[in-house]
A.B. asks: 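The following block contains the structure, expressed as structure tokens.
Keep in mind it's a predicted model, so treat the numbers as computed, not measured. Order of listing sets the numbers, starting from 1, for every ligand and every atom in it.
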Amino acid sequence: MTPADHLPEFQIIDDADLPVADSCLRNQQPIAEVLEAELPAHSVVLEIGSGTGQHAVFITQRLPNITWQPSELAERLSVINARRLRSGQANFLPPLVLDVAQDLWPVKQVDAIFSANVAHYISWPKLRSMFAGMGRVLRTSGLAFLYGPYNYEGKFTSDGNKALDEWLKADVDAEAGIKDFEQVVLAARKEKLRLVKDIAMPANNRILVFKKYA
Ligand SMILES: C[S@@+](CC[C@H](N)C(=O)[O-])C[C@H]1O[C@@H](n2cnc3c(N)ncnc32)[C@H](O)[C@@H]1O
């Protein structure tokens, strides 16, 4: 029996049809370097908004002692699962349906959380729900990594980020957009997630690292 036999609802897509996000190809190496440096060995990591599943493939290959639990909106699971089957990585778990706005999350406790380019893609109410869920499922002293662009003191850090913000509001969701770093830190703190690092990444992105306190 193959893993796919347990997942009859998934549509298996041919390799050639799998979508590729160019941004992942550019940022996967620097992201993996940060996770390799910061994550304790043998961590179980929940990924929120796994997208194409490319980060899951790259990181599970690069960090074989990490167990990676991807999650996404239901409509995107088939692509992630196709990538999982193609990768053959045992530490790449079958993806879970997780909308950050859900009250109940499909995991009980994890050692760490990773999410790339989701905070700016969703509205403030959804981001607050996401932090609430992260606060519930992240174990005490666990780390959460939020990769993406942020504004500082109310200002965009590049013209590219300003253009991204305009595109998000026009084409994705009028309530989406790049969030203010200072507001993100406060919203996280409300859920017992304390900022411990703000790491500069290529192309005017950051990785915000939060630690769950008791
Ligand atoms: C810009 S993409 C980033 C995908 C991937 N993490 C990456 O870095 O390439 C934003 C992702 O957030 C997901 N997303 C949007 N709303 C969501 C929600 N309410 N709950 C969970 N994921 C959501 C989308 O399906 C999409 O895959």
A.B. asks: Judged on heavy-atom distance to atom 1 (C) of ligand 1, which of Leu98, Ile122, Asn117, Val79 sits nearest?
C.D. replies: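 The option holding the nearest heavy atom is Asn117.
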
A.B. asks: Among Asn117, Ile31, Leu35, Thr60, find the residue that satisfies the side-chain contact (heavy atoms from CB on, under 4.5 Å) test when tested with His55.
C.D. replies: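 Exactly one candidate clears the test, Ile31.
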
A.B. asks: Side chain, backbone, both or neither: which part of Cys24 comes within less than 4.0 Å of ligand 1 when only heavy atoms are counted?
C.D. replies: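 Only the side chain of Cys24 comes within reach of ligand 1.
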
A.B. asks: Report yes if Val100 has an N/O atom closer than 3.5 Å to an N/O atom of ligand 1; otherwise report no.
C.D. replies: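 Yes.
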
A.B. asks: Nearest protein heavy-atom contact for atom 14 (N) of ligand 1: which residue, which atom, what distance?
C.D. replies: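 Looking only at protein heavy atoms, the one closest to atom 14 (N) of ligand 1 is Leu73 CD1, 4.0 Å.
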
A.B. asks: Polar-atom distance check: Ser23 versus ligand 1, any N or O pair below 3.5 Å?
C.D. replies: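 No, Ser23 has no N/O under 3.5 Å of an N/O on ligand 1.
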
A.B. asks: Does a side-chain N-to-carboxylate-O contact under 4.0 Å join Arg136 and Glu191?
C.D. replies: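 Answer for the salt bridge query: no.
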
A.B. asks: Looking at non-hydrogen atoms alone, which of Val118, Asp22, Thr52 comes nearest to atom 12 (O) of ligand 1?
C.D. replies: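 Looking at heavy atoms only, Val118 sits closest to atom 12 (O) of ligand 1.
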
A.B. asks: Give, for atom CG of Leu143 and atom CG of Leu138, the distance between the pair rounded to the nearest 0.5 Å.
C.D. replies: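 These two atoms lie 7.5 Å from each other.
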
A.B. asks: Which protein non-hydrogen atom lies closest to atom 24 (C) of ligand 1, naming both residue and atom, and how far is it?
C.D. replies: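 Here the closest protein heavy atom is Glu72 OE2, 3.6 Å.
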
A.B. asks: So between Ala116, Ser50, Ser115, Gly53, whose heavy atom ends up nearest atom 3 (C) of ligand 1?
C.D. replies: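 Nearest option to atom 3 (C) of ligand 1, by heavy atoms: Ala116.
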
A.B. asks: Counting heavy atoms only, which part of His55 comes closer than 4.0 Å to ligand 1: side chain, backbone, both or neither?
C.D. replies: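 It is the side chain that gets close, since no backbone atom is under 4.0 Å.
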
A.B. asks: To the nearest 0.5 angstrom, please state how far the OG atom of Ser50 sits from the CD1 atom of Ile80.
C.D. replies: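 Atom-to-atom, Ser50:OG and Ile80:CD1 are 4.5 Å apart.
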
A.B. asks: Closest non-hydrogen protein atom to atom 19 (N) of ligand 1, residue and atom name please, with distance?
C.D. replies: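 The closest heavy atom on the protein side is Asp99 OD1, 2.8 Å.
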
A.B. asks: Among Phe92, Phe114, Phe58, exactly one meets ring-ring contact (aromatic ring centres under 6.0 Å, His included) together with Trp68. Which residue is that?
C.D. replies: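 One option only clears the test, and that one is Phe114.
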
A.B. asks: Considering both backbone and side-chain atoms of Arg76, is one of its nitrogen or oxygen atoms within less than 3.5 Å of a nitrogen or oxygen in ligand 1?
C.D. replies: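 The answer is yes, given that Arg76 and ligand 1 share an N or O pair closer than 3.5 Å.
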
A.B. asks: Can you tell me how far OH of Tyr150 sits from OG1 of Thr157, rounded to the nearest 0.5 angstrom?
C.D. replies: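 Reported value, rounded in 0.5 Å steps: 11.5 Å.
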
A.B. asks: Relative to ligand 1, is Met130 under 4.0 angstrom through side chain, backbone, both or neither, heavy atoms considered?
C.D. replies: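 Met130 to ligand 1: no contact under 4.0 Å from either part.
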
A.B. asks: Run the numbers on Lys197 and Glu38 for salt bridge (charged side-chain N to carboxylate O under 4.0 Å, His left out), then give the verdict.
C.D. replies: CA-CA 10 Å; Lys197 285 190 184 172; Glu38 302 289 337; 2.8 Å; yes

A.B. asks: Within ligand 1, which atoms have a heavy atom of Gly49 less than 4.0 Å away?
C.D. replies: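 Within the 4.0 Å cut-off of Gly49, ligand 1 contributes 4 (C), 5 (C), 6 (N), 22 (N).
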
A.B. asks: Below 4.0 angstrom, N of the basic side chain to O of the carboxylate: do Arg26 and Asp22 qualify?
C.D. replies: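 Judged by the 4.0 Å cut-off on N to carboxylate O distance, Arg26 and Asp22 do not form a salt bridge.
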
A.B. asks: Could you measure the distance from the NZ atom of Lys162 to the NZ atom of Lys155? Nearest 0.5 Å is fine.
C.D. replies: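 Going from NZ on Lys162 over to NZ on Lys155, the span is 14.0 Å.
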
